[in-house]
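Only one structure is covered here, and it is reproduced in the block below.
Please read these numbers as outputs of a predicted model, since none were measured by experiment. Counting begins at 1 with the first residue of the sequence.
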Amino acid sequence: MTAVAETNEPGGDASARSARLRHLIVTVYGLYARSDGGWLSVAALIRLLAELGVDEPAVRSAISRLKRRGILESRRQAGAAGYQLSGEALAILREGDARIFRRRRATLADGWLLAVFSVPEPERHRRHVLRSELTRLGFGMVAPGVWIVPAQPDDATAQTLGRLGLDSYADLFHAEHLAFGDPADKIRQWWDLDELARRYQDFIDAHEPTLRRWSPAGAAAAAKHEAFADYVRAVTDWRRLPYCDPGLPAELLPSGWIGIRAADDFFALRALLEQPARVYVQQVLSG
């Protein structure tokens with residue numbers, strides 16, 4: 001993968017930085033392009049990414065990769081060159097909105113969503129796709145062919161499996177745990193809570209200093225372009241976490257679960273930064 005040249009974004013090797021830039025671009029499109037059919041001009045995108053410390057060649061390289069992956073499609077609008085989100089990308093973003101910006105955790109009273117699937121051996125490649133998609137959606141594996149996730153009113157599993165043509169291989173059930181074993185012990189088998197805690201700590205380490213900087217006193221003096229940069233970074237780092245931790249019930253989590261603190265940080269940043277960031281983007285797009 002192409003390195004991200006002249007970027008202030010943290011990261012390790014060139015591949016990680018390149019992937020990071022693609023994630024930032026998808027965040028920008030998801031937050032600010034969908035009201036215009038998913039389209040942004042190349043010039044506007046380059047200007048916006050400059051606020052994140054990314055130079056023009058790196059942006060163009062990342063756009064090309066996103067186009068090859070079917071996430072972006074080239075289109076001219078009013079004589080300007082630009083890219084729009086593909087239909088598939090728009091669907092994925094719509095499905096993700098409720099989860100990414102959902103504050104509520106599931107409770108034991110909500111029960112569980114079970115996905116039970118069987119894929120014929122000649123179609124084992126579909127089995128891999130199905131398992132990968134359930135993992136992406138935050139499911140834990142109870143047993144081969146039986147996966148579990150906390151039930152949520154806005155769960156999009158059925159829509160996602162239908163969109164991918166995987167619905168004929170699976171059945172979804174609403175269930176509750178009745179007996180045999182402590183559910184708090186079970187979720188440690190089904191999800192890697194230590195890894196989740198590490199990811200939440202990484203988010204806190206990266207963004208609590210930003211939250212302190214955006215205290216009421218500091219917010220008055222800060223520029224809108226800074227709000228944009230900080231908000232895009234926060235959303236980019238946050239949007240994977242609600243899939244790794246699909247709202248696991250607090251009753252089953254360790255006392256003082258760090259994910260609750262991380263969520264408090266994210267939603268506090270959102271309350272402070274979302275509006276000034278949007279105003280800045282509107283100024284760029286209208287200018």
Side-chain angles (χ1 to χ4, degrees), residues 92 95-119 127-161 164 166-167 169-208 234-268 270:
I92 292 170
E95 290 168 1
D97 284 344
R99 183 176 295 210
I100 292 167
F101 298 112
R102 178 176 65 205
R103 214 42 218 271
R104 178 185 181 276
R105 282 191 169 272
T107 67
L108 284 176
D110 293 322
W112 301 89
L113 179 67
L114 289 184
V116 180
F117 66 86
S118 178
V119 180
R127 185 186 306 135
H128 172 73
V129 173
L130 183 51
R131 287 172 174 166
S132 297
E133 194 60 29
L134 290 174
T135 299
R136 188 189 72 81
L137 291 171
F139 278 75
M141 188 177 74
V142 178
V146 181
W147 293 57
I148 190 169
V149 77
Q152 294 274 12
D154 53 8
D155 184 83
T157 301
Q159 297 95 303
T160 300
L161 296 185
L164 296 173
L166 299 170
D167 48 319
Y169 303 103
D171 290 291
L172 301 179
F173 300 90
H174 188 268
E176 59 181 299
H177 185 265
L178 295 178
F180 310 125
D182 183 348
D185 293 332
K186 296 290 186 182
I187 67 165
R188 282 195 170 273
Q189 300 173 24
W190 302 334
W191 287 274
D192 187 344
L193 297 189
D194 292 336
E195 174 62 15
L196 283 175
R198 185 194 66 76
R199 293 188 181 207
Y200 278 129
Q201 187 62 59
D202 287 347
F203 182 87
I204 289 168
D205 291 345
H207 297 286
E208 271 194 358
V235 173
T236 300
D237 289 344
W238 176 258
R239 61 189 174 91
R240 181 59 191 145
L241 289 170
Y243 287 90
C244 299
D245 173 2
L248 295 170
E251 303 101 305
L252 303 181
L253 293 168
S255 177
W257 176 239
I258 195 171
I260 295 173
R261 174 179 165 189
D264 288 344
D265 286 351
F266 173 71
F267 286 102
R270 186 186 185 202

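For the residue pair F267 and R102, the shortest heavy atom distance occurs at CZ-O, 3.7 Å. When all heavy atoms are compared, the tightest approach of W257 to A197 is CH2-N, 3.9 Å.
Residues meeting the side chain to side chain contact (heavy atoms under 4.5 Å, CB included) test with D202, sequence neighbours left out: R198. With sequence neighbours left out, the side-chain hydrogen bond (donor to acceptor under 3.5 Å, both in side chains) criterion links D265 to no other residue. Looking at residues two or more places apart in sequence or on another chain, you find a ring-ring contact (aromatic ring centres under 6.0 Å, His included) between W238 and F203, F266. Among residues two or more places apart in sequence or in another chain, the side chain to side chain contact (heavy atoms under 4.5 Å, CB included) test is passed with L248 by R105, P150, W191, L193, L196, D245, P246, L253.
Taken from OG1 in T135 to CE in M141, the straight-line distance is 9.0 Å, to the nearest 0.5 Å. To the nearest 0.5 Å, atom CG of residue D192 and atom CD1 of residue I187 are 11.5 Å apart. Between the CG atom in L241 and the CD1 atom in I100 there is a gap of 10.0 Å [rounded to 0.5 Å]. We find the CG-CH2 distance between L172 and W147 to be 14.0 Å, quoted to the nearest 0.5 Å. For the atom pair D237 CG and H207 NE2, the distance stands at 3.5 Å (nearest 0.5 Å). Once rounded to the nearest 0.5 Å, the distance linking CG of L161 with CD of E133 reads 7.0 Å.
A donor-acceptor pair under 3.5 Å is formed between the side chain of R99 and the backbone N or O of L137.
Taking the ring centre of Y169 as origin, the terminal cationic atom of R127 falls outside the region bounded by 6.0 Å and 45° from the ring axis.
The existence of a salt bridge linking R199 and D194 is excluded, since no basic side-chain nitrogen approaches an acidic carboxylate oxygen closer than 4.0 Å.
Applying the side chain to side chain donor-acceptor pair (under 3.5 Å) definition to pairs two or more places apart or across chains, none involves residues 174-189.
By the 4.5 Å heavy-atom criterion applied to side chains, R136 and Y243 are counted as neighbours.
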Throw together a table of side-chain donor-acceptor distances under 3.5 angstrom for residues 108-118, partners on residues two or more places apart or in other chains.
from: D110; atom 1: OD1; to: R104; atom 2: NH2; distance (Å): 2.9
from: D110; atom 1: OD2; to: R104; atom 2: NH1; distance (Å): 3.3
from: D110; atom 1: OD2; to: R104; atom 2: NH2; distance (Å): 2.5
from: D110; atom 1: OD2; to: T107; atom 2: N; distance (Å): 2.8
from: D110; atom 1: OD2; to: T107; atom 2: OG1; distance (Å): 3.2

